[in-house]
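Step one of this worksheet: look at the structure below.
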Protein chains: 2
Amino acid sequence: MERSFQIDMPKVETFNKEFVLKQATDVFHDKGFNATSMQDLVDATALNRSSIYNSFGSKLDLFLECLKSYKEAHFVRISETLDKAHNPLHAIELLFEYYLNEIIKDKDDKGCLITNCTSEMANQEPSIINFLCSNQNSFIGFLEDLVRKGQEESAINLNRTPNEYALYLFSSIQGFRTAGILISNKSKLQTIAKTIIQTLI
Amino acid sequence: MERSFQIDMPKVETFNKEFVLKQATDVFHDKGFNATSMQDLVDATALNRSSIYNSFGSKLDLFLECLKSYKEAHFVRISETLDKAHNPLHAIELLFEYYLNEIIKDKDDKGCLITNCTSEMANQEPSIINFLCSNQNSFIGFLEDLVRKGQEESAINLNRTPNEYALYLFSSIQGFRTAGILISNKSKLQTIAKTIIQTLI
DNA sequence: ATCTATTTGAAATGAACGTTCCAAATATAT
DNA sequence: ATATATTTGGAACGTTCATTTCAAATAGAT
């Protein structure tokens with residue numbers, strides 16, 4: 001009993017999905033997954049409860065979409081930032097500068113949504129673990145490429161392999177983002193970033 | 001209408017407070033503050049609801065006590081571990097070895113209770129912020145002393161001040177603990193730790 | 001204009017939430 | 001033994017939780 005695809009498409013989605021996701025992300029980012037209620041999301045998105053369930057499934061599904069859009073948005077902005085880099089080492093410096101600006105801008109001390117999510121849910125929700133692992137792998141891969149190129153240009157030392165330095169940077173970035181929740185002093189943060197990078201030189 | 005202190009002490013607390021705190025801490029550690037329900041705590045402690053409220057006040061008060069006992073327990077164990085150190089640099093190496101063992105032992109990938117709490121609540125609960133800041137300050141002070149002594153013995157380089165290296169180590173440890181939630185491969189973790197420490201040498 | 005799949009609003013669902021209450025039990029000091 | 005301050009058990013508090021339900025409104029396709 002097959003039905004041909006896409007005859008009749010009445011009443012299409014009216015709300016701006018991108019905007020709704022941004023509003024929802026802001027709440028999740030501020031309060032975390034568990035402390036965010038469906039009512040918070042209704043208020044933030046100005047959508048009806050049933051519209052949210054219709055469009056996104058469940059609170060967890062919506063959260064996952066927020067994580068993905070958050071990741072995507074930062075990936076775009078980071079790419080734009082790193083385009084200005086003179087070389088791979090400079091790119092890593094700009095990467096930490098980017099995170100430093102994120103911390104300084106973040107007046108509510110919310111930290112990184114994804115790092116917070118790792119703390120809150122990485123030992124609980126399989127779908128979240130799935131996202132976090134794939135995010136981690138792609139991020140480490142990205143860092144690995146930078147380090148490799150930096151080593152090829154002799155801007156980064158050869159004390160560790162690209163993968164080892166990528167792991168180190170990944171760990172360091174998570175620490176930097178977490179430390180930035182309580183530390184908002186710019187020069188202290190700059191010192192931390194410089195010290196992290198110093199290892200590579 | 002003053003009453004003299006401690007006439008009549010009937011029906012003293014019967015439960016083992018240390019044990020109860022340990023059980024409660026385990027639940028909070030596993031699920032986080034917001035995902036832990038009062039029922040979870042009743043089940044874990046085998047105490048009655050009213051006994052918990054009588055003895056601890058509120059869920060948040062109990063959580064704060066758990067944080068304090070968690071911090072204290074680790075401080076004791078870390079002190080014991082570092083007593084075996086030949087010198088300050090070795091002490092820092094042993095510190096990371098300690099955290100590495102914590103990660104490896106932690107089959108549920110729970111991470112560090114205090115770091116998780118920073119992610120979950122540092123932008124929400126004043127009493128928690130208070131604890132976290134004082135914990136941070138004492139921890140940084142502790143690391144600062146180690147670095148200073150290490151520099152005096154010329155085991156640690158003079159590229160940064162003791163306070164700067166202490167900040168770096170504090171940030172790095174939080175990253176290490178968070179990264180350890182998703183990374184459970186021992187040699188990868190060892191590499192990260194070694195790379196963090198390498199900076200000091 | 002009519003049909004139709006979808007969205008929308010508002011109320012309702014039952015379960016779970018943190019917290020309170022109070023009578024009964026308890027253990028110490030007298 | 002008696003008195004007493006505290007703990008304990010268990011039910012109950014009102015609220016909020018995530019989710020469902022369903023009739024009414026809506027807008028594209030015919």
Side-chain angles (χ1 to χ4, degrees), chain A residues 1-21 23-24 27-28 30-67 120-121 124-128, chain B residues 1-21 23-24 27-28 30-67 120-121 124-128:
Chain A
M1 246 302 227
E2 292 278 326
R3 276 236 341 256
S4 78
F5 191 58
Q6 271 195 346
I7 31 162
D8 301 336
M9 290 168 63
K11 186 69 202 262
V12 91
E13 218 172 62
T14 59
F15 62 83
N16 179 342
K17 189 159 185 169
E18 207 171 321
F19 174 77
V20 164
L21 275 179
Q23 299 300 108
V27 187
F28 280 132
D30 188 45
K31 312 181 86 170
F33 176 77
N34 286 298
T36 297
S37 71
M38 221 53 205
Q39 188 58 51
D40 291 332
L41 296 165
V42 168
D43 295 343
T45 59
L47 247 55
N48 188 272
R49 288 178 122 68
S50 33
S51 301
I52 298 181
Y53 280 94
N54 247 323
S55 306
F56 299 99
S58 68
K59 185 186 165 190
L60 186 64
D61 291 332
L62 173 55
F63 183 60
L64 258 170
E65 286 237 44
C66 288
L67 282 176
E120 189 179 7
M121 311 176 72
Q124 306 279 356
E125 286 292 340
S127 56
I128 299 286
Chain B
M1 251 289 234
E2 293 276 329
R3 275 236 341 254
S4 78
F5 190 57
Q6 273 196 345
I7 33 161
D8 301 337
M9 292 169 61
K11 187 69 203 261
V12 91
E13 219 171 58
T14 59
F15 62 83
N16 180 342
K17 190 160 187 170
E18 207 171 322
F19 174 76
V20 164
L21 276 179
Q23 299 300 107
V27 187
F28 280 131
D30 189 44
K31 312 181 85 170
F33 176 76
N34 286 299
T36 297
S37 72
M38 220 52 204
Q39 189 58 49
D40 290 333
L41 296 165
V42 168
D43 294 344
T45 60
L47 246 56
N48 188 272
R49 287 178 119 70
S50 34
S51 299
I52 297 181
Y53 280 93
N54 246 323
S55 306
F56 298 99
S58 68
K59 184 188 166 189
L60 186 63
D61 291 332
L62 173 56
F63 183 59
L64 258 170
E65 285 235 46
C66 288
L67 282 176
E120 188 178 8
M121 312 177 71
Q124 306 280 356
E125 285 292 341
S127 58
I128 298 286

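All values below were derived from every heavy atom in this structure, side-chain atoms included, with hydrogens, water molecules and symmetry-related copies excluded. Reminder, nothing fancy here: chain letters follow the sequence lines and each chain counts from 1.
Taking a pair as Watson-Crick or G-U wobble with both distances under 3.5 Å, DNA chain C forms stems of 3 or more consecutive pairs at C:1-30 with D:1-30.
For Ser50(B), the side chain to side chain contact (heavy atoms under 4.5 Å, CB included) partners two or more places apart in sequence, or in a different chain, are Asn48(B). By the side chain to side chain donor-acceptor pair (under 3.5 Å) test, Ser127(B) is found to be paired with no residue, residues two or more places apart in sequence or in another chain being considered. The side chain to side chain donor-acceptor pair (under 3.5 Å) check on Ser37(A) picks up Asp40(A), with sequence neighbours excluded. Looking at residues two or more places apart in sequence or on another chain, you find a side chain to side chain contact (heavy atoms under 4.5 Å, CB included) between Asp30(B) and Asn123(A), Gln124(A), Asp108(B), Lys110(B).
How far CG of Leu64(A) is from CZ of Phe56(A): 12.5 Å, rounded to the nearest 0.5 Å. A distance of 9.0 Å separates CZ of Phe63(A) from CG of Asn34(A), quoted to the nearest 0.5 Å.
Across the protein-nucleic acid pair, Phe33(A) atom CZ and dA18(D) atom C1' stand 10 Å apart, rounded to whole Å. The CG-P distance, from Leu47(B) to dT19(C), rounds to 16 Å in whole Å. With rounding to whole Å, Leu62(B) atom CG is found 16 Å from dC17(C) atom C1'. Look at CZ on Phe56(B): it is 16 Å from C1' on dG18(C), rounded to the nearest Å. Straight-line distance from the OH atom of Tyr53(B) to the P atom of dG9(D): 16 Å, rounded to whole Å. For the pair Lys31(A) NZ and dT16(D) P, the interatomic distance rounds to 12 Å; values are reported in whole Å. Atom CE in Met38(B) sits roughly 18 Å away from atom P in dC17(D) (whole-Å rounding). Here dT6(C) presents its C1' atom at 17 Å from CD1 of Ile52(A), a figure rounded to the nearest Å.
Scanning both residues, Phe28(A) and Cys66(A), for their nearest heavy atoms gives CD1-SG, 3.8 Å.
Residue order along DNA chain C, read from the 5' end via each residue's closest nucleotide, puts Leu60(B) first among Leu60(B) and Asn54(B). Between Gly57(A) and Asp40(A), it is Asp40(A) whose nearest contact on DNA chain D lies nearer the 5' terminus.
Distance alone, capped at 3.5 Å, places no donor-acceptor pair between the Lys59(B) side chain and the Leu41(B) backbone.
Looking at Asp61(B), Val20(B), Leu62(B) one by one, the single match for side chain to side chain contact (heavy atoms under 4.5 Å, CB included) with Ile52(B) turns out to be Leu62(B).
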- When you check every protein heavy atom under 4.0 Å of nucleotides 10-16 of chain C, what one-letter string (B, S, -) results, 5' to 3'? BB-----

